[in-house]
Every structure is written in structure tokens, then in C-alpha cells.
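Worksheet: the structure to be examined is printed underneath.
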Amino acid sequence: MPECERLGTCAFFKEYEKDESKKLALKGMVQIYCKGDKMESCVRMKVSQILGGPANVPINMMPNGQPLSGTDMNGWSDGVRQAMK
């Protein structure tokens with residue numbers, strides 16, 4: 001199965017890849033969303049497409065659309081929230 005074309009540049013993974021406490025969870029997300037069966041279900045990709053690019057996707061948004069544990073949606077724009085529906 002191919003991998004997501006944005007995996008190498010995804011702001012979420014680039015931001016948290018060096019955080020040892022998140023390394024195992026990130027590896028699991030990559031296997032599921034970036035190289036696996038749920039690639040087409042990536043909410044980050046969906047929001048990016050709707051809002052015109054990856055720069056418009058919150059860094060702390062996981063591929064499933066939830067904020068990373070220990071963070072919240074407070075900084076997410078109304079546009080992001082609408083795109084997720």
C-alpha cells in the first residue's frame with residue numbers, strides 16, 4: 001500500500017516526532033492513517049483540501065481530527081471546525 005504524499009511534510013508529525021513521550025502513538029498513527037487502511041479518512045488531509053492547504057490545519061490536530069492529548073481546540077478557527085463536519 002502506498003504512503004500519504006504529505007507524510008514527509010506533515011506539520012503534525014514534524015512537530016511531535018522528536019517527543020519521546022509521543023513516539024509510540026505517532027508510529028501507530030502513521031501505520032493506520034499514513035500507510036494503512038484509513039489513509040482516505042485522514043481529517044488533516046480533508047481540512048487541508050477544504051481550506052486551501054496544509055498551513056490552515058492546526059498543528060495539534062491528529063489524523064482522526066481530535067486534538068493531541070494534552071492540547072485542545074481553543075486555537076482552532078471556525079473554518080477548521082466547519083471543515084471537519
Side-chain angles (χ1 to χ4, degrees):
M1 179 171 276
E3 72 178 33
C4 175
E5 64 191 41
R6 293 188 180 171
L7 179 58
T9 59
C10 181
F12 175 76
F13 291 107
K14 294 194 107 14
E15 178 72 16
Y16 299 108
E17 68 186 349
K18 292 189 170 109
D19 185 333
E20 288 297 321
S21 68
K22 295 176 178 42
K23 201 170 212 156
L24 185 60
L26 291 176
K27 185 176 181 179
M29 282 184 245
V30 166
Q31 292 303 314
I32 294 168
Y33 286 96
C34 309
K35 297 180 179 180
D37 296 338
K38 291 196 172 200
M39 191 180 312
E40 300 297 322
S41 302
C42 179
V43 177
R44 291 187 59 83
M45 181 68 81
K46 175 184 172 187
V47 171
S48 175
Q49 291 169 341
I50 291 170
L51 297 181
N56 298 311
V57 181
I59 289 176
N60 69 326
M61 178 189 282
M62 296 188 298
N64 66 4
Q66 297 298 311
L68 182 66
S69 179
T71 69
D72 57 41
M73 294 184 204
N74 286 338
W76 296 11
S77 72
D78 290 338
V80 168
R81 293 171 195 265
Q82 286 297 320
M84 292 172 55
K85 292 182 178 181

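We number each residue from 1, following the sequence as shown.
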Same hydrophobic cluster for Met73 and Val80, using side-chain heavy-atom links shorter than 4.5 Å among ILVMFWY?
yes

Here the gap from Lys27 atom NZ to Ile32 atom CD1, rounded to the nearest 0.5 Å, amounts to 12.5 Å

Cluster overlap Met61 with Leu51, hydrophobic side-chain contacts below 4.5 Å
yes

Who passes ring pair (Phe, Tyr, Trp, His ring centres under 6.0 Å) against Phe13, sequence neighbours left out?
none

Answer yes or no: is there a donor N or O on one side and an acceptor on the other, between the side chain of Asn60 and the main chain of Asp72, under 3.5 Å?
yes

Is Val57 linked to Met84 within one hydrophobic cluster, defined over Ile, Leu, Val, Met, Phe, Trp and Tyr using a side-chain heavy-atom separation of less than 4.5 Å?
yes

Out of curiosity, Leu26 CG to Lys18 NZ, how far, rounded to the nearest 0.5 Å?
12.5 Å

Hey, are the side chains of Arg44 and Cys10 touching, using non-hydrogen atoms and a 4.5 Å cut-off?
yes

All pairs passing side chain to side chain donor-acceptor pair (under 3.5 Å) where residues 45-55 contributes a residue, at least two apart:
Arg6-Ser48

Ignoring hydrogens, what is the shortest heavy-atom contact between Ala83 and Val47? Give both atom names and the distance.
CB-CG2, 4.1 Å

Linking I/L/V/M/F/W/Y whenever their side-chain heavy atoms sit closer than 4.5 Å, directly or via other members, would Leu68 and Val43 fall into one cluster?
no

Decide yes or no for Pro54 and Thr9: does some side-chain heavy atom of the first lie under 4.5 Å from some side-chain heavy atom of the second?
no

Is the shortest heavy-atom distance from the side chain of Pro63 to the side chain of Phe12 under 4.5 Å?
yes

Hey, quick one: are Met62 and Leu7 part of the same hydrophobic cluster, counting side-chain heavy atoms closer than 4.5 Å, chains of contacts allowed?
yes

Determine, stepwise, if the pair Tyr16 / Ile59 fulfils side-chain contact (heavy atoms from CB on, under 4.5 Å).
CA-CA 9 Å; Tyr16 299 108; Ile59 289 176; 4.1 Å; yes

With side-chain contact (heavy atoms from CB on, under 4.5 Å) as the criterion, how do Met45 and Met39 come out once you've worked through the C-alpha distance, each side chain's angles and the decisive distance to 0.1 Å?
CA-CA 9 Å; Met45 181 68 81; Met39 191 180 312; over 6 Å; no

